[in-house]
Amino acid sequence: MRASQFFINTLKEAPSDAEIISHQLMLRAGLIRRLAGGIYTWMPLGLRVLRKVENIIREEMNRAGAMEMLMPAVQPFELWEESGRGPKYGPELLRLKDRHQREFVIGPTHEEVITDVVRREVKSYRQLPRHFYQIQTKFRDEIRPRFGVMRGREFLMKDGYSFHTSFEDLRREYQVMYETYTRIFTRLGLKFRAVAADTGAIGGTGSHEFHVLADSGEDGLAYCPDSDYAANVELAEALTPLPVGAGDTPLAAMQKVATPGKARCEDVAEFLKLPLTQTVKCIALVTQGEDNPGEFNLLLLRGDHSLNEIKTQKHLGEFRFAREDEIVAVLGSKPGYIGPVGIREKSDTSSSNGLINTLQYRSPVSNEIKARGLINTPPRETPIPTESSMNGLINSAQPKSPLPTTYAEEGLINTLRRTPPIRVVVDRSVAVMRNFVCGANDEGFHLTGVNFGRDLPIPNEIADIRNVVEGDPSPDGKGALQLCRGIEVGHIFQLRTKYAEALNCTFLDENGKDQVMEMGCYGIGVTRIVGAAIEQGNDERGIVFPTAIAPFSVVIVPMNFAKSETVRHAAMALHDQLQTAGIDVMLDDRDERAGSMFADWELIGVPHRVVVGERGLKDGNLEYKGRTDSEATLVDLADMCAFLQKKIG
RNA sequence: CGGGGUGUGGCGCAGCCCGGUAGCGCGCUUGCUUUGGGAGCAAGAUGUCGAGAGUUCGAAUCCCUCCACCCCGACCA
């Protein structure tokens with residue numbers, strides 16, 4: 001390929017609306033151009049990258065035995081009504097009407113269509129298993145498209161769907177896809193990690209996400225270097241830490257201390273010269289679920305921990321954060337100084353599973369078993385400590401009135417008495433704390449030396465509601481967790497029979513009996529991979545593409561191409577030789593100045609560069625420089641082709 | 001959808017507060033010189049100042065409405 005016949009249009013400055021590095025570099029290098037929000041044109045240079053990604057995926061899918069096909073982007077809305085997903089999908093589903101007023105959607109995914117195809121075409125167990133896939137344009141009307149191609153509305157996706165006679169066979173294929181995805185991302189030259197994921201709304205039994213590792217990634221990942229445990233932070237279970245010096249620390253007296261202007265736990269800890277882990281933060285939120293609308297909840301987290309909203313939602317149902325005026329009305333204090341002491345707590349022993357975990361952890365069993373016991377939520381049938389059995393634990397010093405008047409003004413008491421009892425959810429790590437610090441429900445004051453069972457009731461609702469932090473014990477009991485960030489580029493699901501059932505996708509088994517097919521679904525965000533690869537590979541000069549997906553593998557940069565006949569001949573001869581050898585080579589015959597050619601190709605991210613100049617040619621040499629090399633190396637003209645083949649691998 | 005911000009040649013920005021000739025850098029065109037790290041000089045072209053309505057003798061600038069885009073939240077490959 002010759003640059004003069006190609007289209008190269010680089011920008012010195014990135015458009016100001018491009019925020020993240022991959023978006024900026026893609027625009028600057030001229031890979032993409034924006035048409036509308038979240039909708040991009042792939043310029044010739046960008047398309048080459050996209051096609052290379054696509055081809056690797058295609059090769060590996062074929063190799064795994066999947067069949068490529070192509071389904072329509074426009075789908076009748078009826079199918080979505082039939083699967084029951086139409087109303088639920090909401091405004092993200094772009095709907096339109098044809099001239100006959102028939103309703104259609106632009107496919108955000110293709111479970112419905114493929115299931116429709118298969119139910120018509122596949123009738124017998126003899127035709128199963130089958131795996132169909134396509135690489136096709138999807139449209140999702142994202143609420144907020146952003147980050148260029150990373151969260152576009154229109155994007156290229158590889159979506160595959162497998163159909164099976166049994167769950168065992170689905171699991172076999174799932175494993176095949178896990179390995180296939182691993183091969184794909186390895187071949188793409190990306191640093192990635194497969195993590196356990198939430199099966200979420202799609203349902204099913206097993207699900208893994210494949211993440212490209214990048215500090216700018218939107219997803220937090222937790223993994224254990226000592227085992228193969230890896231999970232999205234949204235999911236990673238936070239075990240109860242062993243209390244430091246458990247049982248030995250003498251109980252301190254509760255004291256109310258002035259902490260003017262110290263609303264955040266960090267400020268309070270610094271002010272009181274106490275470790276952050278000694279503080280408790282209180283988060284007030286209001287549920288919005290159907291069964292408990294408008295219920296005021298107080299969540300207790302250790303000061304150094306952060307709330308995991310997914311876990312919280314699973315525990316409490318839909319919720320929102322309480323507004324300041326609601327907090328003041330219920331607790332009588334501004335946020336920053338609120339706390340669980342002296343409030344009317346709603347007693348609800350029905351959800352004390354977390355407490356059991358804590359108690360198990362405290363019981364003298366082996367570490368291994370303790371860790372194991374905490375991995376899975378114990379079954380609901382497990383006997384739960386009753387109110388009366390817990391009474392013994394509560395210090396007799398507990399005031400008869402739930403409101404210690406020392407800490408509350410008369411007016412506040414009245415307010416609280418009129419307020420319904422507050423549901424308090426205590427994070428596992430808070431449940432094992434002693435002598436902690438929390439807000440006093442009085443602006444400008446905190447309480448120190450607070451203890452459960454004396455200053456406030458033993459927690460009756462303990463749950464895992466925080467994000468894991470680095471160093472937390474791994475849920476598989478095999479070491480400590482590390483954290484990193486990732487960009488989700490692939491997702492595999494065991495769908496089971498959800499869609500097959502809804503769309504009546506059945507087959508006749510060996511006994512001539514009708515059975516519903518088991519389904520798996522496997523997606524890769526092709527477009528997003530390009531953005532993710534750039535997010536992972538870039539420096540101050542531009543993109544650093546892995547050779548496998550670079551728009552060109554090698555660029556020949558001739559010095560003084562127009563005027564020097566020796567250079568021109570040498571450059572063209574090398575170009576032809578490399579091309580014949582099957583190397584994806586670009587010859588920059590634009591006769592630009594050296595500096596601007598170097599800058600262009602470094603911005604574009606071509607991994608290998610050969611400079612042809614009279615200077616080296618005199619001695620029969622060419623100059624080679626890898627994209628990330630600091631120095632160029634001289635290579636004999638005759639050896640260059642073999643040299644590059646070796647580099648490219 | 002809620003909160004914040006920005007719209008001025010292709011790109012990056014100034015001008016707006018305090019109304020009066022639309023400006024700078026990059027890019028683009030032509031010529032000459034230059035040619036191993038985004039060249040120099042000279043001459044040029046390119047704007048309904050996001051749209052509409054209003055105030056005013058006069059609006060990029062002030063007021064109103066709308067639109068687009070970006071950032072922060074919930075969704076997802």
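Treat the numbers as computed from the prediction; the structure is a model and nothing was measured. Each chain gets a letter, A, B and so on, in the order its sequence line appears, and its residues count up from 1.
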Query raised in the report: Below 6.0 angstrom between ring centroids: does that apply to A:Tyr522 and A:His131?
Result: yes
Report task. Decide ring pair (Phe, Tyr, Trp, His ring centres under 6.0 Å) for A:Phe210 and A:Tyr181; before the verdict, give the C-alpha distance in whole Å, the side-chain angles of both, and the deciding distance to 0.1 Å. Result -> CA-CA 8 Å; A:Phe210 287 78; A:Tyr181 274 38; 5.3 Å; yes
Using distance only, find each side-chain donor-acceptor pair of residues 24-38 of chain A under 3.5 Å and give its atom names and separation, not counting sequence neighbours.
from, atom 1, to, atom 2, distance (Å)
A:Gln24, NE2, A:Ala18, O, 3.0
A:Gln24, NE2, A:Glu19, O, 3.4
A:Arg28, NH1, A:Leu11, O, 3.2
A:Arg28, NH1, A:Lys12, O, 3.1
A:Arg33, NH2, A:Leu27, O, 2.2

For [N], give its Watson-Crick or G-U wobble partner with both distances under 3.5 Å, or none.
N: B:U65; value: B:A51
N: B:C1; value: B:G73
N: B:C24; value: B:G12
N: B:C32; value: B:G40

Requested in this report: Kindly say whether A:Phe598 contributes a backbone atom to a donor-acceptor pair with the side chain of A:Arg609 at under 3.5 angstrom?
Outcome: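 Side chain of A:Arg609 to backbone of A:Phe598: no pair is present.
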Report task. Look at the side chain of A:Gln536 and the backbone N and O of A:Leu213, then say whether any donor-acceptor pair between them is shorter than 3.5 Å. Result ->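 Yes, because the side chain of A:Gln536 sits within donor-acceptor range (under 3.5 Å) of the backbone of A:Leu213.
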Query raised in the report: Closer than 4.0 Å, any side-chain N/O of A:Arg151 to the OP1 or OP2 of B:C71?
Result: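 No, A:Arg151 has no side-chain N/O under 4.0 Å of OP1/OP2 on B:C71.
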**Report entry** N/O (side chain, A:Arg153) to phosphate O (OP1/OP2, B:C76) under 4.0 Å
**Finding:**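 Answer is no, no contact under 4.0 Å.
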In whole angstrom, give me the gap between the [atom1] atoms of [N] and [M].
N: B:G47; M: B:A60; atom1: P; value: 16 Å
N: B:A59; M: B:G20; atom1: P; value: 11 Å
N: B:C71; M: B:C66; atom1: P; value: 23 Å

Query - Pairs meeting criterion ring-ring contact (aromatic ring centres under 6.0 Å, His included) with involvement of residues 5-26 of chain A, two or more places apart - result: A:Phe6-A:Phe552, A:His23-A:Tyr40
Query raised in the report: Roughly how far, to the nearest 0.5 Å, is CG of A:Leu170 from CG of A:Leu495?
Result: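 Going from CG on A:Leu495 over to CG on A:Leu170, the span is 8.0 Å.
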Answer yes or no: side-chain N or O of [X] and base N or O of [N] forming a donor-acceptor pair under 3.5 Å.
X: A:Asp600; N: B:G38; result: yes
X: A:Arg609; N: B:G37; result: yes
X: A:Glu592; N: B:G38; result: no

If the condition is side chain to side chain contact (heavy atoms under 4.5 Å, CB included), which residues does [X] pass it with, not counting sequence neighbours?
X: A:Ile106; result: A:Leu94, A:Leu96, A:Phe139
X: A:Val74; result: A:Phe104
X: A:Glu13; result: none
X: A:Pro335; result: A:Glu324, A:Ile327

Requested in this report: Just call it for A:Glu142: base, sugar-phosphate, or nothing, with non-hydrogen atoms closer than 4.0 Å on any strand.
Outcome: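 Contact class for A:Glu142: base.
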Query raised in the report: What class does the angle between the rings of A:Phe185 and A:Phe192 fall in, given that below 30° is parallel, 30 to 60° is tilted and above 60° is perpendicular?
Result: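 Judged by the thresholds at 30° and 60°, the geometry between A:Phe185 and A:Phe192 is tilted.
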Extract from the structure each pairing of a protein N or O with an N or O of nucleotides 6-11 of chain B at less than 3.5 Å, listing the distance.
from, atom 1, to, atom 2, distance (Å)
B:C11, O2', A:Glu13, O, 3.2

Between side-chain atoms of residues 611-621 of chain A and protein atoms elsewhere (two or more places apart, or another chain), which donor-acceptor pairs fall under 3.5 Å?
from, atom 1, to, atom 2, distance (Å)
A:Glu614, OE2, A:Ser564, OG, 2.8
A:Glu614, OE2, A:Thr566, OG1, 3.3

Query raised in the report: When you measure from every atom of RNA chain B, which of residues 53-68 of chain A have a heavy atom less than 4.0 Å away?
Result: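 Correct list: empty, so none.
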Requested in this report: Pull out every residue in residues 30-51 of chain A that has a heavy atom closer than 4.0 Å to any atom of RNA chain B, ordered by number, or say none.
Outcome: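 Only A:Arg34, A:Gly37 qualify.
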Query raised in the report: Between atom CZ in A:Arg593 and atom P in B:G37, what is the gap in whole Å?
Result: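 Taking CZ of A:Arg593 and P of B:G37, I get 8 Å after rounding.
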Query raised in the report: Is there ring stacking between A:Phe155 and B:A77, where the centres must be under 5.5 angstrom apart and the planes under 30 degrees?
Result: yes
**Report entry** Residue closer to the 5' end of RNA chain B, A:Pro145 versus A:Met157 (nearest nucleotide)
**Finding:** A:Pro145
**Report entry** Counterpart residues, salt bridge (Lys or Arg N to Asp or Glu O under 4.0 Å), relative to A:Asp17 (two or more places apart)
**Finding:**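 Salt bridge (Lys or Arg N to Asp or Glu O under 4.0 Å) list for A:Asp17, sorted by chain: empty.
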Please enumerate all protein N or O atoms sitting under 3.5 Å from an N or O of nucleotides 2-4 of chain B, with distances to 0.1 Å.
none

